[in-house]
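Written out below as C-alpha cells is the structure these notes cover.
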Amino acid sequence: MGWSQVDCLRDHVTKCGLAKKIELVVVSPLMRTLQTAVGVFGSGNCTDGESAPPLMVKGAEHSGRQAISSLDCAPFLAVEACRERLGVHPCDKRSSITRYRTLFPAIDFSLIENDEDVLWEPDVREAIDVVAARGMKFLDWLWTREENEIAIVTHSSFLDFTLNMYSKECHPTIAEDMRKRFANCELRSMVLVDRSNLGSDTPTCDFPGKIPAGLDLPSDVADKKHIEEASNGNRGAAGCLEHTHMSSPTRLISI
C-alpha cells in the first residue's frame, strides 16, 4: 500500500513538472521516509551498466522493488532534525547509518553525527513543545541552504507541531488552514517569504495524498492523550508562511 501511494505521488510530481524543478531533497533518516523520498524523486529503475551508485539497492528492506537510479535527479540529504517525534514507539527509531548506507548508497548521511540512534529512548516520549522547537531550528537551518526549490520528506506529527508553532504569527485564516493534518504521501507547497512581501502565486503542485483503507493511524494518534491535545488545537499543517528573511519555495511531504 505504501509503495502504491509513492507511485501515485511520483506520477503527480512528474506530470506537473515539479520533479524537474527540485534542487535538493531533504529526508528524515527513517526507513519509511528514505524509501518514499527515493521512490518519488529518484530517477526510476536503474538500467544495466549504470556507473553511478543507486539511491536504493534492489529489494531494500524486503521492498520487492528494483534498484532506483540517482542519475539526473537532485541530491538527497538525510537530516536528523526533521525526524518524527522521538521515543517509546519502535517505529520512530532509526537503524544505523552504516546499514542505511548499504541500502541507500547515493543518499548523503554526512550531517548525522552518530552511527546508532542515540536520540530515541524506550521510555521517554519527546514533549510536543520540544518537537516544535526542534522543527523551528530545522526551518532556521533550511534558510542557510542556497537552493530555492527544496523537497522535504518528513512526518505528519513533526509537521503538525512545527507548523502550529510557526503559524502563531500568521493571519488567523492561514493559521486555521495550517492545522489540517497531513495525509499519507500528501504534498503541500509552501513559500517562505519576507514580511515585506505581499504574497506569492497560488500553489499548483499540491497533492492530496492517499488515505489507506482500514486502520492506519500515526503512532501518536493512537494515544488518547494526543487525540485530546490535537482536538484542542495542538496540530499543524502547511500553507503559505510568512515571517522569515527571504523567499524560498519548499515542498513538504508527510509520511
Side-chain angles (χ1 to χ4, degrees), residues 1-47 50 52-79 82-84 91-92 94-95 99-100 102-109 149-159 181-190 203-219 221 237-238 250-255:
M1 181 184 293
W3 279 108
S4 176
Q5 294 169 347
V6 167
D7 290 339
C8 286
L9 182 54
R10 177 179 175 79
D11 288 344
H12 171 75
V13 300
T14 299
K15 291 177 181 177
C16 75
L18 179 60
K20 295 181 178 179
K21 297 179 181 178
I22 295 298
E23 301 169 62
L24 175 69
V25 179
V26 174
V27 57
S28 160
L30 296 182
M31 185 63 68
R32 57 191 182 273
T33 37
L34 292 168
Q35 290 184 324
T36 298
V38 300
V40 172
F41 296 107
S43 294
N45 293 342
C46 288
T47 58
E50 281 191 20
L55 282 167
M56 187 179 82
V57 299
K58 181 179 179 180
E61 195 68 5
H62 312 292
S63 65
R65 308 284 287 201
Q66 295 297 313
I68 296 177
S69 175
S70 63
L71 293 176
D72 302 320
C73 63
F76 285 65
L77 181 62
V79 177
C82 64
R83 285 179 57 170
E84 184 58 294
C91 63
D92 298 330
R94 68 166 172 82
S95 295
R99 179 167 181 260
Y100 282 151
T102 65
L103 299 177
F104 305 95
I107 293 182
D108 183 355
F109 293 95
E149 292 277 358
I150 302 175
I152 303 168
V153 184
T154 182
H155 309 267
S156 58
S157 291
F158 172 80
L159 289 170
R181 191 175 182 89
F182 278 74
N184 287 19
C185 268
E186 180 178 359
L187 168 70
R188 296 185 198 171
S189 297
M190 301 168 54
T204 59
C205 299
D206 289 8
F207 184 68
K210 298 294 180 179
I211 305 299
L215 186 63
D216 184 24
L217 298 176
S219 57
V221 175
T250 305
R251 317 295 173 180
L252 300 180
I253 299 175
S254 161
I255 303 304

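Values below: all heavy atoms of this structure, side chains included; hydrogens, waters and symmetry mates excluded.
Taking CZ of F158 as the start and OG1 of T33 as the end, the distance is 11.5 Å to the nearest 0.5 Å. Here CG of L103 is found 9.0 Å from CG of L34. Values are rounded to the nearest 0.5 Å. Going from atom CG of L159 over to atom CE of M190 covers 8.5 Å, rounded to the nearest 0.5 Å. The distance from atom CG of L71 to atom SG of C46, rounded to the nearest 0.5 Å, is 7.0 Å. Within the model, atoms CZ of R94 and CG of L30 stand 8.5 Å from one another, a figure rounded to the nearest 0.5 Å. Between atom NZ of residue K21 and atom CD1 of residue I150 there is a gap of 15.5 Å, rounded to the nearest 0.5 Å.
For the pair E23 (side chain) and E149 (backbone), a donor-acceptor distance under 3.5 Å is present. No donor-acceptor pair closer than 3.5 Å links the side chain of T154 to the backbone N or O of S28. Counting only distance, with no hydrogens or angles, the side chain of R10 and the backbone of G42 share a donor-acceptor pair below 3.5 Å.
In terms of the salt bridge (Lys or Arg N to Asp or Glu O under 4.0 Å) criterion, E50 has no residue partners (sequence neighbours excluded).
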Show your working on side chain to side chain contact (heavy atoms under 4.5 Å, CB included) between V6 and Q35 and close with a plain yes or no.
-> CA-CA 9 Å; V6 167; Q35 290 184 324; over 6 Å; no

Should M31 and Y100 be marked as a side chain to side chain contact (heavy atoms under 4.5 Å, CB included) after you check the CA-CA gap, both sets of side-chain angles, and the distance that decides it?
-> CA-CA 8 Å; M31 185 63 68; Y100 282 151; 3.7 Å; yes

Applying side chain to side chain contact (heavy atoms under 4.5 Å, CB included), run through R32 and C91 and close with a yes or a no.
-> CA-CA 9 Å; R32 57 191 182 273; C91 63; 4.2 Å; yes

Should C73 and L55 be marked as a side chain to side chain contact (heavy atoms under 4.5 Å, CB included) after you check the CA-CA gap, both sets of side-chain angles, and the distance that decides it?
-> CA-CA 10 Å; C73 63; L55 282 167; 3.9 Å; yes

Could you go through the salt bridge (charged side-chain N to carboxylate O under 4.0 Å, His left out) check for D72 and K20 one step at a time?
-> CA-CA 9 Å; D72 302 320; K20 295 181 178 179; over 6 Å; no

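The two atoms that bring M56 and S63 nearest to each other are CE-OG, 3.9 Å, heavy atoms only. The minimum heavy-atom distance linking V38 with I68 is given by the pair O-CG2, 3.6 Å. Across F104 and F109, no two heavy atoms sit closer than the pair O-CE1, 3.8 Å. Taking both residues in full, the closest heavy atoms of P29 and R83 are given as CD-CG, 3.6 Å, listed atom of the first, atom of the second, then distance. Scanning all heavy atoms of the two residues, the minimum distance from R181 to S157 falls at NH2-OG, 3.2 Å. Of all non-hydrogen atoms in L24 and A74, the two that sit nearest each other are N-CB, 3.7 Å.
Between V40 and V153 there is no side-chain heavy-atom pair separated by less than 4.5 Å. Residues C185 and T36 have side chains in contact (heavy-atom distance under 4.5 Å, counting atoms from C-beta outward). Using a 4.5 Å heavy-atom cutoff, the side chains of L18 and L187 are in contact.
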